[in-house]
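Here the structure comes first, spelled out in structure tokens, and everything after it is commentary.
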Amino acid sequence: MDILPLELGNTVGQKASDKCGVVALVEENGVEYRLIQSLRILQHRGQESAGISIYNGKDLKIYKGMGLVREVFSQIKIDQTGDRGIGHIRYSTAGSSIIDNAQPIFSRVGKYEIAIGHNGEIVNADEIRSELESKGYSFNTTSDTEVILRLLAINLARGEDPIDAMKLTFSRIRGAYSLVIMINERVFGVRDPNAIRPLVLGKTRMGYGIASENVVFEQLGGKTIRDFYPGEIIELTKDGYKSHRFGNASPAHCMFEYVYFARPDSTMDGRNVFEVRKKLGEILARESPANADIVIPVPDSGRSHALGYSLGSGIPFVEGLIKNRYVDRTFIMPTQNKREDELDIKLNPIKEVIQGKRVVLVDDSIVRGNTMRKIVGLLKNAGAREVHVRVGSPPIRYPCYLGIDMKTKEQFVAKDGKSMEQLAKEFGADSVAYISVDGLVEAIGLGKNELCLGCLTGKYPIPISNPNEANSV
Ligand code: SF4
């Protein structure tokens with residue numbers, strides 16, 4: 001492989017494994033404002049940094065910073081305009097919550113300027129990095145997104161057409177990637193051959209767009225065209241779009257998007273997320289009934305599941321926990337200390353609703369268990385006679401290597417095959433039950449072989465570099 005001069009943007013930082021949101025727009029006039037609005041619509045997918053890149057008719061310009069979208073763009077003056085651009089929001093693993101890891105990231109090679117925003121995680125990034133380093137390339141970051149950027153830049157510098165350069169790049173990488181890419185004035189979206197992370201094509205009022213979730217198009221007055229196919233590159237133009245396929249198409253959509261991460265008003269791969277969550281609750285009620293007086297959701301993520309449990313069981317749904325809306329979601333806070341601190345001020349029980357009642361407490365999922373332990377304690381202190389915990393996903397027992405920040409099995413409260421009785425004791429609850437894997441698959445309504453269930457079963461849709469860790473409990 002030739003050694004080529006690469007100029008990389010400001011991307012120095014630590015290892016990043018992103019669960020993020022991406023957007024791309026090509027419209028009749030300046031897209032900056034609508035890119036920012038789109039990122040605000042996707043804010044639930046990441047709260048640590050936000051950025052956009054626009055093509056001003058000559059160059060790519062990048063604007064990015066740390067914090068919520070509105071915080072970042074109230075501090076940055078956007079001094080250029082362009083009719084096309086991409087955007088990215090991010091949350092990070094612990095220790096990498098720094099500006100240098102904010103995206104889009106940028107590279108210049110020969111006549112090309114490239115900007116990339118990435119949602120997902122590349123499992124063979126270290127292997128490719130070592131190979132390139134042994135050939136004389138150096139990296140500015142440990143980010144897997146930089147590996148994609150480098151490979152793409154190398155292929156472009158060899159004289160490949162951008163589409164061929166992308167196909168060559170993706171033939172080398174393995175993992176989860178939903179990408180938005182600008183190569184000079186050309187705008188692309190890419191979904192990996194397993195379609196692990198969501199990516200949607202849509203029509204906007206003044207052009208065409210790509211986004212992690214279709215709510216972007218619905219809320220901005222446009223309409224959803226369709227989900228990206230597995231292994232698809234779509235180039236946006238002012239008149240429409242062009243599709244190119246690559247890789248072996250075998251979908252393995254992340255079940256966790258349906259269970260927790262996506263917005264309930266999104267529709268992904270033909271399934272409305274709210275309807276899936278309600279169905280999860282109904283099946284949970286069928287599989288694990290409880291003698292109780294009221295069903296209380298863990299707000300906000302357990303609400304749709306709890307509604308389904310109530311409908312399925314006939315037990316009344318009651319809002320018994322009030323959430324402080326101005327405290328961030330605990331799961332995506334970058335450190336355990338921050339998460340614990342946030343919990344203390346996040347939820348408050350309504351004693352008048354709970355006192356003397358047998359409660360079914362429904363949440364979407366349990367990862368570490370600290371939230372559940374605290375909430376059961378809150379309900380018991382508020383006078384609940386019994387608390388029966390019901391969970392809308394099966395126990396998470398294995399790490400995720402494909403873009404969710406669940407990297408070590410030690411963190412999981414359900415590790416080591418713990419029994420439901422042991423978990424009930426840990427939470428201080430009277431009983432605990434999770435939905436089954438078959439129940440989850442039934443609720444999502446896709447085939448078992450069309451879903452990634454890796455963190456539940458230890459069986460991943462693509463080979464993982466460290467299978468010993470992946471396959472041991
Ligand atoms: S391992 Fe779990 S969280 Fe990760 S992609 Fe698969 S289903 Fe989603």
Side-chain angles (χ1 to χ4, degrees), residues 259-260 277 280-323 329-331 336 339-340 342-344 346-397 406 410-437 439-440 456:
V259 165
Y260 171 77
R277 290 179 188 168
L280 284 165
E282 287 172 7
I283 294 170
L284 186 56
R286 186 184 79 204
E287 289 183 345
S288 300
N291 284 324
D293 305 306
I294 51 176
V295 174
I296 290 182
V298 174
D300 293 315
S301 57
R303 193 168 278 126
S304 317
H305 306 71
L307 178 64
Y309 194 97
S310 170
L311 290 170
S313 64
I315 302 170
F317 174 96
V318 181
E319 291 280 3
L321 289 161
I322 297 306
K323 182 182 170 189
R329 298 171 86 173
T330 55
F331 180 71
Q336 184 65 24
R339 280 190 286 268
E340 298 277 0
E342 296 295 294
L343 276 172
D344 287 337
K346 186 176 171 186
L347 291 173
N348 198 31
I350 305 175
K351 287 198 179 96
E352 291 75 2
V353 166
I354 291 159
Q355 207 141 33
K357 298 285 197 314
R358 297 170 302 168
V359 175
V360 179
L361 176 66
V362 182
D363 205 354
D364 59 288
S365 57
I366 300 179
V367 180
R368 301 169 188 85
N370 52 329
T371 309
M372 186 50 74
R373 224 173 351 252
K374 284 214 173 206
I375 295 174
V376 172
L378 282 176
L379 293 177
K380 290 262 171 150
N381 287 339
R385 188 143 56 95
E386 294 172 15
V387 177
H388 301 276
V389 173
R390 296 292 180 267
V391 191
S393 72
I396 294 169
R397 293 192 161 120
M406 302 190 297
E410 285 71 34
Q411 71 188 294
F412 303 130
V413 69
K415 66 189 172 192
D416 304 328
K418 256 183 220 164
S419 69
M420 294 302 119
E421 290 72 27
Q422 285 172 306
L423 287 168
K425 205 168 167 194
E426 282 203 30
F427 298 147
D430 294 275
S431 74
V432 172
Y434 293 71
I435 196 168
S436 66
V437 171
L440 170 85
L456 311 177

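Note that the coordinates shown come from a computational prediction; the quantities given were computed from them, not determined experimentally. Heavy-atom basis, side chains included; hydrogens, waters and symmetry copies ignored. All residue numbers in this chain count up from 1 along the given sequence.
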| message | Test: salt bridge (charged side-chain N to carboxylate O under 4.0 Å, His left out). Region: residues 310-322. Which pairs qualify, not counting sequence neighbours? | response | Arg303-Glu319

| Minimal non-hydrogen separation, Leu284 against Ala433, with atom names | CD1-O, 4.3 Å

| task | Taking side chain to side chain contact (heavy atoms under 4.5 Å, CB included) as the test, write out the residues that go with Asp293, two or more places apart. | result | Lys357, Arg358, Arg385

| query | With sequence neighbours excluded, what pairs up with Ser288 under the side chain to side chain donor-acceptor pair (under 3.5 Å) test? | reply | none

| query | Just how far is it from atom CG of Asn348 to atom CD1 of Ile322, taken to the nearest 0.5 Å? | reply | 8.0 Å

| Partners meeting side chain to side chain donor-acceptor pair (under 3.5 Å) with Arg277 (sequence neighbours left out) | none

| So which heavy atom on Val432 is nearest to which on Phe427, and how close? | CG2-CD1, 3.7 Å

| note | CG of Leu321 to CG of Leu378, rounded to nearest 0.5 Å, is 7.0 Å

| What is the minimum heavy-atom distance between Arg390 and Ser431, and which atoms define it? | NH1-OG, 3.0 Å

| query | Would you say Asp363 and Ser301 make side-chain contact, with heavy atoms under 4.5 Å? | reply | yes

| query | Taking only residues two or more places apart in sequence or in another chain, which ones pass salt bridge (charged side-chain N to carboxylate O under 4.0 Å, His left out) with Lys380? | reply | Asp430

| said: According to side chain to side chain contact (heavy atoms under 4.5 Å, CB included), who are the partners of Ala285, at least two apart in sequence or on a separate chain? | reply: Tyr309, Ser313

| said: Among residues at least two apart in sequence or on other chains, which ones pass side chain to side chain donor-acceptor pair (under 3.5 Å) with Arg286? | reply: Glu442

| field | Contacts of type side chain to side chain contact (heavy atoms under 4.5 Å, CB included), residue Ala384, not counting sequence neighbours | value | Ile354, Val359, Leu379, Val387

| said: Could you tell me if the side chain of Ile315 sits less than 4.5 Å from the side chain of Ser310, heavy atoms only? | reply: no

| What residue among Val295, Val298, Ile294 forms side chain to side chain contact (heavy atoms under 4.5 Å, CB included) with Leu361? | Val298

| Worked verdict on Leu456 versus Leu440 for side chain to side chain contact (heavy atoms under 4.5 Å, CB included) | CA-CA 11 Å; Leu456 311 177; Leu440 170 85; 3.7 Å; yes

| message | I need the minimum non-hydrogen distance between Phe317 and Pro297, along with the two atoms involved. | response | CZ-CG, 3.7 Å

| Can you list the residues that meet the side chain to side chain donor-acceptor pair (under 3.5 Å) rule with Gln422, with sequence neighbours excluded? | Ser419

| Which residues satisfy the side chain to side chain contact (heavy atoms under 4.5 Å, CB included) test with Pro395, sequence neighbours excluded? | Arg397, Ala414, Met420, Tyr434

| query | Would you call Glu410 and Lys415 a salt bridge, taking side-chain N to carboxylate O under 4.0 Å as the test? | reply | no

| field | Positive for side chain to side chain contact (heavy atoms under 4.5 Å, CB included) with Leu423, one of Val389, Val413, Ile366, Val391 | value | Val413

| remark: Between Leu280 and the options Val259, Val362, Asp364, the side chain to side chain contact (heavy atoms under 4.5 Å, CB included) test singles out Val259

| query | Rounded to the nearest 0.5 Å, what separation is found between the CD atom of Glu426 and the NZ atom of Lys418? | reply | 3.5 Å

